[in-house]
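Only one structure is covered here, and it is reproduced in the block below.
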Amino acid sequence: MWVYIDKISEHVDKEVTIKGWLYNIRSSGKLMFPEFRDGTGLIQGVVSKKSVSEQVWDDFGKLTQESSVIVTGTVTKHPKKENVYELQVSGLEVVSVAEPYPITPKEHGVDFLADRRHLWLRSPRQASIMRVRNEILQSIRDYMYANGFILFDAPIFTPNACEGTSTLFSTDYFDLGKAYLSQSGQLYAESGALALGKVYTLGPTFRAENSMTRRHITEFWMMEPEMAYFDIDDDMDMIEDFLTYVVQRVIKNKKSELDYLSRDLSKLEKVVKPFPRITYDEAVEILKKKDVPLIRKTANGEEHIRPFPWGEDFGAPHEEAIVEDFDKPVMVHRWPAEAKAFYMKRDPENPKLALGVDVLAPEGFGEIIGGSQREDNLQYLEERIKEHGLPMSEFEWYLDLRRYGSVPHSGFGLGIERMVSWICNLEHIREAIPFARRPNRIRP
RNA sequence: UCGAAGAUAGCUCAAUGGUGGAGCAUUCGGCUGUUAACCGAAGGGUUGCGGGUUCGAGUCCCGCUCUUCGAGCCA
């Protein structure tokens, strides 16, 4: 009977067949210990010369790493290890003998591995990350479905920029001039919210930023909910409820993967609502108290260091300083309007502030969510578009959403790969997606 | 885009300006409980590219290319 390795414990003392690949092999004279993988996990086989045919013994001797094999044997408990199973091999069918495999169970550099990403994904660590990513995406979909959200896919070809054209990839679009790859589905999601109440988009987005950091890729997946009649506080309520569900479900269902990745689960277990909510003003106070300055470098390399001034956006050192006293995601809300996007609603109590919220992940994983209550007043929105120098004609359809039954509404965007990096405790975001796209890499 | 570090065997790394090595991988041999198994042997090199200094350059100098890490921008 063909079984998968992750279900092997259900077949102890029975004869089963595994279809997979040889991950590694150790031998000790008349004994061989091949390790098989089948996509669901790893299992060690035991091949004894006296209990298999000469043909099987010889065939095993010829196998190379990553050769594809169909093996038959009896499942037994490991003689020394608790909850570990072995396969006492009786039969072997060699599907294909692999050429010498470049990725060994030894150390490799990141560039070497990135060049072979299509093979690197077979390693247990990368496979574990992909399983956690799958669980994150599935729990997002389940949460949204259970809470009445409609999946509302936004287009990837767009004619306009959501927040300026400098960070957009462009391509020719027939006789209509340039099309841009979407950097956010938000504006479309807003139209969905006014049509369907609660919607979300989930798909790839693109940023042509030459950002060579461990937190950036040029093509990343984003989940963007948009809710009619939600104000900024409703938005934050949903964020903490949603994040709590996803994190707690992933640690419940993917414990063995997270253990393999050496993830400290006690830190994730603390991620339950409510989350701390601090205003931008309070965050700036923290930075002043901790003496975290703003450092700006000029073109000729000079550094200008000054106390953190009100109005600036936070950089990586500031985010870390704000987050380090908390063991949960921190929601920073009510930002200086100048530094934020045109579509954010101003705080009625202080027009210098925008009703935006950034969620900073614990342990220095940075911003995973950016959201806001949207400007629902037609005149104000037109003024913002002018102030930001954006072409009014491109936003006529968006302004229609304010002309015809405008309502208060809010939403946010969650970066999937940042979420995966945080939950898996990854050094670098390049491991959080099957094929990371970065400014210096588009292959494989 | 800016700053720092780096590029030597298939991989990960050594090598005072003076005959380029090791571990792993590969091939061959040994071993009945191995866990990145171990032991023995063999093969494997235009030291990123171009120029310069020197009796002599992997090593020092200049230029270029690429990579990594950090900053900015952001999710």
Side-chain angles (χ1 to χ4, degrees), chain A residues 23-35 42-51 61-62 64-65 76 78-81 84 86 88 98-116 123-125 162-164 166-167 183-186 204-224 294-303 312-319 339-341 358-361 365-371 412-422 427-430 432-433 438-441:
Chain A
Y23 175 65
N24 195 10
I25 188 164
R26 293 173 285 271
S27 76
S28 181
K30 307 289 185 291
L31 270 183
M32 282 191 272
F33 300 96
E35 262 186 294
L42 278 174
I43 189 169
Q44 174 170 276
V46 182
V47 188
S48 159
K49 190 172 186 182
K50 66 179 182 190
S51 58
K62 290 173 193 152
T64 53
Q65 191 187 352
T76 56
H78 194 284
K80 294 173 192 166
K81 291 182 182 173
V84 175
E86 292 183 322
Q88 305 295 326
E99 294 178 25
Y101 191 64
I103 301 177
T104 67
K106 281 273 184 179
E107 289 170 48
H108 297 288
V110 283
D111 191 47
F112 177 84
L113 290 169
D115 279 339
R116 291 154 186 80
S123 69
R125 174 182 164 84
C162 190
E163 302 169 36
S166 61
T167 58
Q183 57 178 198
S184 164
Q186 182 200 310
T205 51
F206 307 84
R207 303 272 166 98
E209 294 161 354
N210 193 3
S211 301
M212 293 290 291
T213 82
R214 64 169 80 175
R215 291 187 299 276
H216 289 84
I217 43 183
T218 56
E219 176 181 335
F220 66 98
W221 280 58
M222 193 148 64
M223 195 283 280
E224 295 178 279
L294 183 73
I295 301 171
R296 279 274 180 274
K297 277 177 194 161
T298 56
N300 54 20
E302 280 177 48
E303 282 193 353
E312 286 287 335
D313 213 340
F314 300 138
H318 310 113
E319 289 182 356
K340 287 290 177 183
D358 281 4
V359 180
L360 307 177
F365 280 93
E367 184 182 346
I368 51 169
I369 282 178
F412 63 87
L414 167 77
I416 300 296
E417 288 74 23
R418 292 236 177 125
M419 182 85 177
V420 174
S421 295
W422 167 40
E427 279 291 302
H428 201 295
I429 198 168
R430 78 180 125 227
I433 186 170
R438 307 183 65 221
N440 66 339
R441 180 174 296 280

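Atoms considered below: every heavy atom in the structure, side chains included; atoms not considered: hydrogens, waters and symmetry mates. We name chains A, B, ... by the order of the sequence lines, and we start the count at 1 in each one. Computed from a predicted structure; not experimentally measured.
B:C64 and B:C2 are spaced 12 Å apart, taking the P atom of each and rounding to whole Å. Remark: the separation of the C1' atoms in B:A41 and B:C49 is 38 Å, to the nearest Å. Rounded to whole Å, the separation between the C1' atoms of B:A71 and B:U34 comes to 48 Å. Remark: the separation of the P atoms in B:A15 and B:U27 is 31 Å, to the nearest Å. Taking atom P in both B:A5 and B:C61, the straight-line distance is 12 Å, to the nearest Å. B:C73 sits 47 Å from B:A25 when the P atoms are compared, rounded to a whole Å. B:C31 and B:U67: their P atoms are spaced 49 Å apart (whole Å). When the C1' atom is compared between B:U47 and B:U59, the two are found 10 Å apart, to the nearest whole Å.
Between the C1' atom of B:A4 and the CE atom of A:Met212 lies a distance of 14 Å, rounded to the nearest Å. Distance A:Leu113 CG to B:U67 P: 15 Å, rounded to the nearest Å. Remark: P of B:U35 and CD of A:Glu35 are 11 Å apart, rounded to the nearest angstrom. In this structure, CG of A:Leu42 is placed 13 Å from C1' of B:A36, rounded to the nearest angstrom. The distance between atom CD of A:Gln186 and atom P of B:C74, rounded to the nearest whole Å, is 15 Å. Here B:C2 presents its C1' atom at 14 Å from CD1 of A:Ile295, a figure rounded to the nearest Å. Atom CD of A:Glu107 is separated from atom P of B:G23 by 16 Å (rounded to the nearest Å). One can place CZ of A:Arg438 at 15 Å from C1' of B:C73, the figure rounded to the nearest angstrom.
Put simply, A:Arg26 has no side-chain N or O that comes within less than 4.0 Å of OP1 or OP2 on B:U34. In this structure, A:Arg116 does not reach the B:G10 phosphate: none of its side-chain N or O atoms is under 4.0 Å from OP1 or OP2. In this structure, A:Asn24 reaches the B:A37 phosphate: one of its side-chain N or O atoms is under 4.0 Å from OP1 or OP2.
In this model, a side-chain donor or acceptor of A:Ser211 finds a partner on the base of B:C73 within 3.5 Å. Residue-to-nucleotide contacts include a donor-acceptor pair under 3.5 Å from the side chain of A:His216 to the base of B:C74.
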Exercise for review: With side-chain contact (heavy atoms from CB on, under 4.5 Å) as the test, would you mind laying out the steps for A:Ile416 and A:Met223 before giving the verdict?
Suggested key: CA-CA 7 Å; A:Ile416 300 296; A:Met223 195 283 280; 4.2 Å; yes
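Heavy atoms of A:Arg441 sit nowhere under 4.0 angstrom from any nucleic acid atom. A:Ile217 comes within 4.0 angstrom of a base, heavy atoms only. Within 4.0 Å of A:Thr64, counting heavy atoms only, lies no atom of the nucleic acid at all. When heavy atoms are screened at a 4.0 angstrom cut-off, A:Pro100 is found touching no nucleic acid atom at all.
You'll find the side chain of A:His428 stays beyond 4.5 Å of the side chain of A:Val110, heavy atoms only. The closest side-chain heavy-atom distance from A:Phe33 to A:Val46 is below 4.5 Å. The shortest distance between side-chain heavy atoms of A:Thr205 and A:Gln186 does not fall below 4.5 Å. You'll find the side chain of A:Arg207 stays beyond 4.5 Å of the side chain of A:Thr218, heavy atoms only. Using a 4.5 Å cut-off on side-chain heavy atoms (C-beta onward), A:Ser123 and A:Ile103 make no contact.
With A:Glu224 contributing its side chain and A:Gly185 its backbone, the two residues share a donor-acceptor pair below 3.5 Å. Looking at A:Arg215, its side chain never comes within 3.5 Å of a backbone N or O of A:Arg418 through a donor-acceptor pair. In terms of modelled atom types and a separation under 3.5 Å, the side chain of A:Glu417 and the main chain of A:Trp221 share a donor-acceptor contact.
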Review point. Could you spell out the base pairing of RNA chain B in dot-bracket, with Watson-Crick or G-U pairs whose two distances are under 3.5 Å, [ ] crossing and | to another strand?
Key: (((((((..((((....[..)))).(((((.......))))).....(((((..]....))))))))))))....
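If A:Asp358 and A:Gly109 are placed on RNA chain B by their nearest nucleotide, the residue sitting closer to the 5' end is A:Gly109. The residue among A:Ala316 and A:Phe220 whose nearest nucleotide of RNA chain B lies closer to the 5′ end is A:Ala316.
Side-chain polar atoms of A:Gln65 and A:Thr104 form no donor-acceptor pair below 3.5 angstrom.
Distances were taken from every side-chain heavy atom of A:Lys106 (C-beta onward) to each of B:C24, B:G70, B:C74; the shortest belongs to B:C24. Among the nucleotides B:A71, B:C69, B:U68, the one closest to the side chain of A:Arg215 is B:A71. The listed nucleotides are B:A75, B:C11, B:U1; the one nearest the side chain of A:Asn210 is B:U1.
Here the straight-line distance linking atom OG1 of A:Thr64 with atom CD of A:Glu99 works out to 9.0 Å at 0.5 Å rounding.
Every residue two or more places apart in sequence or in another chain that forms a ring pair (Phe, Tyr, Trp, His ring centres under 6.0 Å) with A:His108 is listed here: A:Phe112.
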Pick out the pairs of N or O atoms, protein on one side and nucleotides 31-33 of chain B on the other, that lie under 3.5 Å.
unit_1, atom_1, unit_2, atom_2, d
B:C31, N3, A:Gly29, N, 3.1
B:C31, N4, A:Ser27, OG, 3.2
B:U32, OP2, A:Lys30, N, 3.3
B:U32, O4', A:Ser28, O, 3.4
B:G33, O2', A:Lys80, NZ, 3.2
B:G33, N1, A:Glu86, OE1, 3.2
B:G33, N2, A:Glu86, OE1, 3.2
B:G33, N2, A:Glu86, OE2, 2.1

